[in-house]
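Single-structure report; data block below.
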Amino acid sequence: MSNIRVRFAPSPTGMLHLGGLRTALYDYIFAKQQGGKFILRIEDTDRNRYVEGAVENLVNSLQMMGIDFDEGPGKDGGFGPYFQSERLDIYHKYIEELLENGFAYKCFCTKEEIEKMREKAIAKKENPKYDGTCRNLTPEEVQAKIDAGMPYVVRLKIPENRMFTFYDKIRGKVEIDSSLIDDQILLKTDGYPTYHLAAVVDDHLMEISHVIRGEEWLSSTPKHIYLYEVFGWKAPTWVHLPLILNTDKSKLSKRHGDFSVEGFMGKGYLKEALVNFIALLGWHPSSDEEIFNLGKMIEKFSFKRVNKAGAIFDNTKLDWMNSWYLRNLDMEYIAEVSEPFFIKVVKDISDKDKYRNIIKIGRDYAQTLVELAEWAKPFYFDLEFTKEDKEILNNENSQAVFKHYLERFSEKDVWTLDELKDLVKKSPKELNIKGKNYYFPLRLVFFGKTSGPGVGEIIEILGIEESKKRLQKVLI
RNA sequence: GACCCCUUCGUCUAGUGGACCAGGACUCCAGAUUUUCAUUCUGGCAACAGGGGUUCAAUUCCCCUAGGGGUCGCCA
């Protein structure tokens, strides 16, 4: 058994978005590849930002994408609980330890005072930082303030004149001077820890071997390695992933649109396409291959081949990839995942033969499942014709074509696809009407458009009964 | 503003000190197939941020500049 353990640690503040999906995906792939464990931990230490239902959404979205966690909410692996809000006692114990050993101190400064400090620093063009007012309070002073009922936070005492050096698996050596680092708050006045303390304590206790997270955490990593140091713990391997960017190159955010996994699924993207596309945002094997399922990713993935630069999310290629999967995945599977979209648009898909035929042909015409269901509408609803359409339909040639088909259909009720194709092919000669004059009216009367699938195929889907009805309707 | 990270076609990316007048994919354009459309196939357009070094040789190594991003919260 490998001792590789990785975690995805989102905070329940909203829906799982593409950035989170990719982090979770890399976590999962890496764990599977190494024979390790993938843990889901919920970082709910901010009571103000907690969103009802967010945990469910996170779990559901991961599940929808086929990313299963080995340990997490509802799946105890002996390292729980997996909600940070249920681990408060643990954090308090470690805060106490830091306080006793002088690595942290209680700070009584109010938010207003700190805001003033920051303004002053910015005015002086200095790096805004806590000024250390409470750093050297005597035990008596501290006690007096506590006795006076003053609320306090606990801050980490960052040493002066130190160079923090760490190695990131993607970026290599990173150095940051301690003078730039703030005395980070570890425990808030409400008794909840901040991310910095909670994540370090949990990662240690949960025996996380690789911390895989977004690049936005790079700057605060020195605080984390310092915590590992003062606790006397071995730090994990750091892996800071490049960011996924909006088209304007800023960090992917809600402001620029809906980037939630749920949103993309709702638009009719296939999980295969989404996972494939998102994996390629920042990672690529040395080969020219671009189509990967999870198994193949597990086989090929390597952090060595993860880029350093951020990747712009542009769904043009995702659209192509989705249509590729739509055309190449098993037909029955596409039919199955399309069902909810069809039910929404056409309501009744109880005729399974018809439904399957539509999927079979329609998947060449759509990029998403929403488009596919939309495309199928002419097979389910009465057609509406424009003025231009009617001109074609009322044309003398068109009417002759319609009469011809009606006659032929009156001969028998059951036609095979081959017979239909034969009919479509031979009729022009019999009627002496060819090309546009023949095909346009036919497609129009059966499908509502002058272009589209073969006329035989369309009739097969419609059925002779319905086809006759549509013909009769346009007869003058 | 300070610090950290980054910089190959429009986008995702491959690439090595000489085999690169830089490869693939998406998009776009043209052609073929399809009586149409979609699919498919073929071809085309399009990039090493700039400037200095190092070197016989630099897209590849070093430095500087520029540009972009991230962080600087009792948010994660």
Minimum heavy-atom separation for A:M297 to A:F292, with atom names?
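Closest pair (atom of A:M297, atom of A:F292, distance): CE-O, 3.4 Å.
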
Quick one: label [X] by what it contacts on the DNA or RNA (base, sugar-phosphate, nothing), any heavy atom closer than 4.0 Å.
X      : result
A:P453 : base
A:E289 : nothing
A:G362 : nothing

Look at the side-chain N and O atoms of A:N307 and state whether any lies under 4.0 Å from the OP1 or OP2 oxygen of B:U13.
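So the side-chain polar atoms of A:N307 do come within 4.0 Å of the phosphate oxygens OP1 or OP2 of B:U13, strictly under.
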
Would you say A:R363 places a side-chain N or O within less than 4.0 Å of OP1 or OP2 belonging to B:U39?
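Result: no.
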
Pairwise [atom1] distance for [N] and [M], with rounding to whole Å:
N     : M     : atom1 : answer
B:C26 : B:G68 : P     : 31 Å
B:C28 : B:G10 : C1'   : 10 Å
B:C62 : B:G70 : P     : 26 Å
B:G51 : B:U13 : P     : 26 Å
B:G31 : B:G53 : C1'   : 49 Å
B:C9  : B:C5  : C1'   : 24 Å
B:G43 : B:U33 : C1'   : 15 Å
B:U54 : B:A46 : P     : 34 Å

Report the base-pairing partner of [N] (Watson-Crick or G-U wobble, both distances below 3.5 angstrom), or none.
N     : result
B:U11 : B:A25
B:U16 : none
B:U71 : B:A2
B:U59 : none
B:A30 : B:U42

Which residue pairs pass the side chain to side chain donor-acceptor pair (under 3.5 Å) test when at least one of the two sits in residues 7-26 of chain A, sequence neighbours left out?
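Residue pairs passing side chain to side chain donor-acceptor pair (under 3.5 Å), neighbours aside: A:R7-A:D203.
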
Side chain to side chain donor-acceptor pair (under 3.5 Å) contacts touching residues 185-194 of chain A (sequence neighbours left out)
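Counting only pairs at least two positions apart or across chains, the side chain to side chain donor-acceptor pair (under 3.5 Å) contacts touching residues 185-194 of chain A are A:R47-A:D190.
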
With no hydrogens and no angle check, just 3.5 Å: does a side-chain donor-acceptor pair link A:Y105 and A:N136?
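Checked: A:Y105/A:N136 side chains show no N/O donor-acceptor pair below 3.5 Å.
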
Compute whether any side-chain donor of one residue and acceptor of the other, for A:T386 and A:D389, lie under 3.5 angstrom apart.
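There is such a pair between these side chains.
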
Quick one: on RNA chain B, does A:K308 or A:G452 contact a more 5' nucleotide (nearest heavy atom)?
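On the 5' side of the pair lies A:K308.
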
Starting at the 5' end of RNA chain B and moving along, which residue's nearest nucleotide shows up first, A:R22 or A:A366?
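Whichever sits nearer the 5' end wins; that is A:R22.
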
Whole-Å distance separating the [atom1] atom of [X] from the [atom2] atom of [N]:
X      : N     : atom1 : atom2 : result
A:D288 : B:G24 : CG    : C1'   : 4 Å
A:F292 : B:A25 : CZ    : P     : 14 Å
A:N322 : B:C26 : CG    : P     : 15 Å
A:I392 : B:U36 : CD1   : C1'   : 12 Å
A:F277 : B:U13 : CZ    : C1'   : 11 Å
A:I176 : B:A2  : CD1   : P     : 16 Å
A:H224 : B:C4  : NE2   : C1'   : 15 Å
A:R327 : B:U39 : CZ    : C1'   : 6 Å

Proximal nucleotide (of [options]) relative to the [X] side chain:
X      : options            : result
A:A309 : B:U13, B:U7, B:U11 : B:U7
A:D314 : B:U11, B:C37, B:C5 : B:U11
A:R171 : B:U13, B:U36, B:C5 : B:C5
A:I312 : B:C12, B:C26, B:C4 : B:C12

Taking the six-membered ring for Trp and the full ring for Phe, Tyr or His, determine whether the centres of A:F447 and A:W375 are under 6.0 Å apart.
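Distance test on ring centres: under 6.0 Å, yes.
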
Look at the aromatic rings of A:F301 and A:W283 and report parallel, tilted or perpendicular, splitting at 30° and 60°.
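Tilted, since the angle between the ring planes falls between 30° and 60°.
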
Backbone N or O of A:K111 within a donor-acceptor pair of the A:K116 side chain at under 3.5 Å?
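Judged by distance alone, no pair lies under 3.5 Å.
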
Step by step, would you call A:F277 with A:W320 a ring pair (Phe, Tyr, Trp, His ring centres under 6.0 Å)?
CA-CA 10 Å; A:F277 179 73; A:W320 166 79; 9.6 Å; no

Scan residues 421-439 of chain A for pairs that pass salt bridge (charged side-chain N to carboxylate O under 4.0 Å, His left out), counting only residues two or more places apart or in two chains.
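The answer is A:K421-A:E457, A:D422-A:K426.
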
Enumerate the protein-to-nucleotides 41-49 of chain B contacts in which both atoms are nitrogen or oxygen and the separation is below 3.5 Å.
none

Assess whether one donor atom and one acceptor atom, taken from the side chain of A:R443 and the base of B:U36, lie less than 3.5 Å apart.
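Indeed, a donor on one side and an acceptor on the other fall under 3.5 Å apart.
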
Base contacts versus sugar-phosphate-only contacts with protein, heavy atoms under 4.0 Å: please encode nucleotides 65-76 of chain B as B, S and - from 5' to 3'.
---SSBSBSBBB

Would you mind writing out the side-chain donor-acceptor pairs for residues 155-163 of chain A within the sub-3.5 Å range, not counting sequence neighbours?
from   : atom 1 : to     : atom 2 : distance (Å)
A:R155 : NH1    : A:D183 : O      : 2.9
A:R162 : NH1    : A:E229 : OE1    : 3.4
A:R162 : NH1    : A:E229 : OE2    : 2.9
A:R162 : NH2    : A:E229 : OE1    : 3.0

Side chain proximity check, A:F108 to A:T133, heavy atoms < 4.5 angstrom
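Sidechains of A:T133 and A:F108: no contact.
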
